Amino acid sequence: MKSSYMNRLLTPNSHEVHLRHANHYAAVLRQTNELYLQGGAAIVNGLELFEVEWLNIRAGQAWAVNHTDTEDGALLCRDYPYVGAYYLNLRQHPRESLSWLEPAVVVAHRLKDQRRECDILGNLGLAYAAIGDTRRAIEWFEQSLVLARSIEDRYSESYALGNLGNAYYRLGDLHRAAVFYEQTLQIARERSDRIGESATLGNLGNIHFEMGETNQAIEFYEQHVSIARDTGDKVGAGNALGNLGNAWTALGDLSRAISFYEQRLAIAREIGDRQGEATGSWNLGEAYEKQGNIVRAIELMQICVDFENEIAHIDAERDSAKVAELRAQLSSQEDKRG
């Protein structure tokens, strides 16, 4: 029986063979990042490459983590989570992300690579935010911000400020979130960072939405989606479209809301954004529930519940209960018709 290429790579062999393999797939991962940054159709091409090589990429990273006592292994352990950050954020299980990032930040600190350490600290915060541990996420974002300012890295500073804004927004502290967003917007415009600017405009829209200023929120969301489309930022465009769906739902225009949610969901599926697909499915499901289409609502909301259970998200139990209520409601309606 022939062993697979993957199995052969994982059997004991020379350091040089494994190192060449790990270096090669780190380069492949970097190539996917470059495709993402090109925007447009290149994002889908990058995703396809990522999916094809994912097992080999994992093998290369695993070897690096187990060889941080060597210079080559340490450098690769530090680099793997960074060089493919965009698709890793989209496709990697958050708890797997933590298993990559935690040894990487230790290595970056040991190597005194403060810029890479700053980036990894921010991504650790994002991984904790993805599983719903917002307080822990804030700790990492704060460390990233302190380090960014100490090395005068304005891009990383802006990134950390935006992440802190998102975290406090999730905690319901709108005033503190808005302060962070305003600082982020100032830096983005100072640096002519249009993607950062558009994301922050969307975040400020969220603040207005939560304050009940829905029409003002829509103005911010429309600016967000416009810049995101101009720059080929599909993730940003998807987020903006989802927020527009939320706003029109609040205004009672479910037909328009569903149109935006459908567009948001289509983008998430196109680029393999499972978190975006889960959120978009839930919101679209709620819109259908309001329209009385319980069957479609259950189908969509279950997609979100399945994803939350998979990543052990803290909202999984609550959302599972909501879907169970809808199933009971549907069963009751069917019994009455019967």
Side-chain angles (χ1 to χ4, degrees), residues 1-38 41-128 130-131 140 144 147 156 271-275 310-312:
M1 179 183 295
K2 293 182 180 179
S3 62
S4 69
Y5 177 59
M6 172 59 67
N7 287 336
R8 293 202 303 276
L9 285 172
L10 294 179
T11 55
N13 209 324
S14 70
H15 178 89
E16 290 75 17
V17 169
H18 286 286
L19 176 59
R20 284 199 299 272
H21 172 266
N23 272 319
H24 174 75
Y25 285 102
V28 170
L29 193 55
R30 182 179 288 106
Q31 184 182 354
T32 68
N33 237 34
E34 291 168 354
L35 288 167
Y36 182 93
L37 289 170
Q38 291 176 28
I43 292 179
V44 178
N45 296 335
L47 178 62
E48 290 173 353
L49 176 61
F50 180 90
E51 295 284 7
V52 167
E53 301 294 2
W54 181 220
L55 289 177
N56 282 313
I57 290 167
R58 273 176 160 164
Q61 189 273 342
W63 180 87
V65 168
N66 289 323
H67 291 80
T68 57
D69 57 332
T70 69
E71 181 180 1
D72 292 326
L75 292 173
L76 283 167
C77 174
R78 177 201 66 182
D79 289 347
Y80 257 95
Y82 175 79
V83 298
Y86 289 104
Y87 288 107
L88 291 173
N89 286 341
L90 288 174
R91 302 297 287 152
Q92 195 173 36
H93 190 298
R95 295 192 184 276
E96 184 180 14
S97 296
L98 291 172
S99 73
W100 285 36
L101 292 163
E102 286 169 346
V105 78
V106 171
V107 169
H109 184 75
R110 189 179 83 204
L111 296 174
K112 296 181 171 56
D113 185 347
Q114 292 182 309
R115 292 190 183 278
R116 190 59 54 81
E117 182 182 359
C118 184
D119 292 332
I120 298 170
L121 287 167
N123 287 331
L124 274 165
L126 292 176
Y128 276 103
I131 60 174
W140 292 110
S144 180
L147 188 53
S156 295
I271 64 176
D273 179 2
R274 293 195 64 210
Q275 178 71 62
E310 182 182 327
I311 67 171

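These figures come from a predicted structure and were not determined experimentally.
- The side-chain heavy atoms of His67 and His18, taken from C-beta on, include no pair separated by under 4.5 Å.
- In this structure the side chain of Leu76 reaches within 4.5 angstrom of the side chain of Leu19, judged on heavy atoms.
- Gln114 contributes atom CD, which lies 9.0 Å from atom SG of Cys118 (distance to the nearest 0.5 angstrom).
- Asp72 CG to Trp63 CH2: the interatomic distance, rounded to the nearest 0.5 Å, is 6.0 Å.
- Pairing each heavy atom of Ala74 with each of Val107, the nearest pair is O-CG1, 3.2 Å.
- Atom CD1 of Ile57 and atom NE2 of His21 lie 9.5 Å apart (nearest 0.5 Å).
- Proximity of Val105 to Glu117: side-chain heavy atoms (C-beta onward) are separated by under 4.5 Å at one or more points.
- Nearest heavy atom pair, residue Arg95 against residue Ala312, reads NH2-O, 3.6 Å.
- When side chains are defined from C-beta on, Val83 does not count as touching Asn33, because their heavy atoms never get closer than 4.5 Å.
- In terms of heavy-atom proximity, Gly46 sits nearest to Leu35 at CA-CD1, 3.5 Å.
- Taken to the nearest 0.5 Å, the CG atom of Leu101 stands 9.5 Å off from the CH2 atom of Trp140.
- Panel note: side chain Tyr80, backbone Ala22; a donor-acceptor pair is recorded below 3.5 Å.
- Taking both residues in full, the closest heavy atoms of Cys77 and Ala64 are given as N-CB, 3.6 Å, listed atom of the first, atom of the second, then distance.
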message: If you apply the rule side chain to side chain contact (heavy atoms under 4.5 Å, CB included), what do you find for Thr70 with His15, and how did you get there?
response: CA-CA 10 Å; Thr70 69; His15 178 89; 4.2 Å; yes
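- Applying the ring-ring contact (aromatic ring centres under 6.0 Å, His included) rule to Tyr82 yields no partners; only residues at least two apart in sequence or on another chain are considered.
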- request: Kindly indicate, with the supporting measurements, whether the criterion side chain to side chain contact (heavy atoms under 4.5 Å, CB included) is fulfilled by Glu96 and Leu88.
  value: CA-CA 10 Å; Glu96 184 180 14; Leu88 291 173; over 6 Å; no
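- With contacts defined as side-chain heavy-atom distances shorter than 4.5 Å, the pair Trp54/Leu29 does not qualify.
- In this structure, the side chains of Arg91 and Leu47 come closer than 4.5 Å at one or more pairs of heavy atoms.
- Atom CG in Leu147 sits 13.0 Å away from atom CZ in Arg116 (nearest 0.5 Å).
- Taking the six-membered ring wherever Trp is involved, the centroid distance between the rings of His93 and Trp100 does not fall below 6.0 Å.
- Using bins of under 30°, 30° to 60° and over 60° for the plane-to-plane angle, the ring pair Tyr36/Tyr87 lands in the perpendicular bin.
- Smallest separation of non-hydrogen atoms from Leu90 and Ile271: CD1-O, 3.7 Å.
- Within the 4.5 Å cutoff, side-chain heavy atoms of Leu98 are placed close to those of Tyr128.
- The closest donor-acceptor contact from the side chain of Asp113 to the backbone of Ala108 lies at 3.5 Å or more, if one exists at all.
- The distance from atom CD1 of Ile120 to atom CD of Glu102, rounded to the nearest 0.5 Å, is 11.5 Å.
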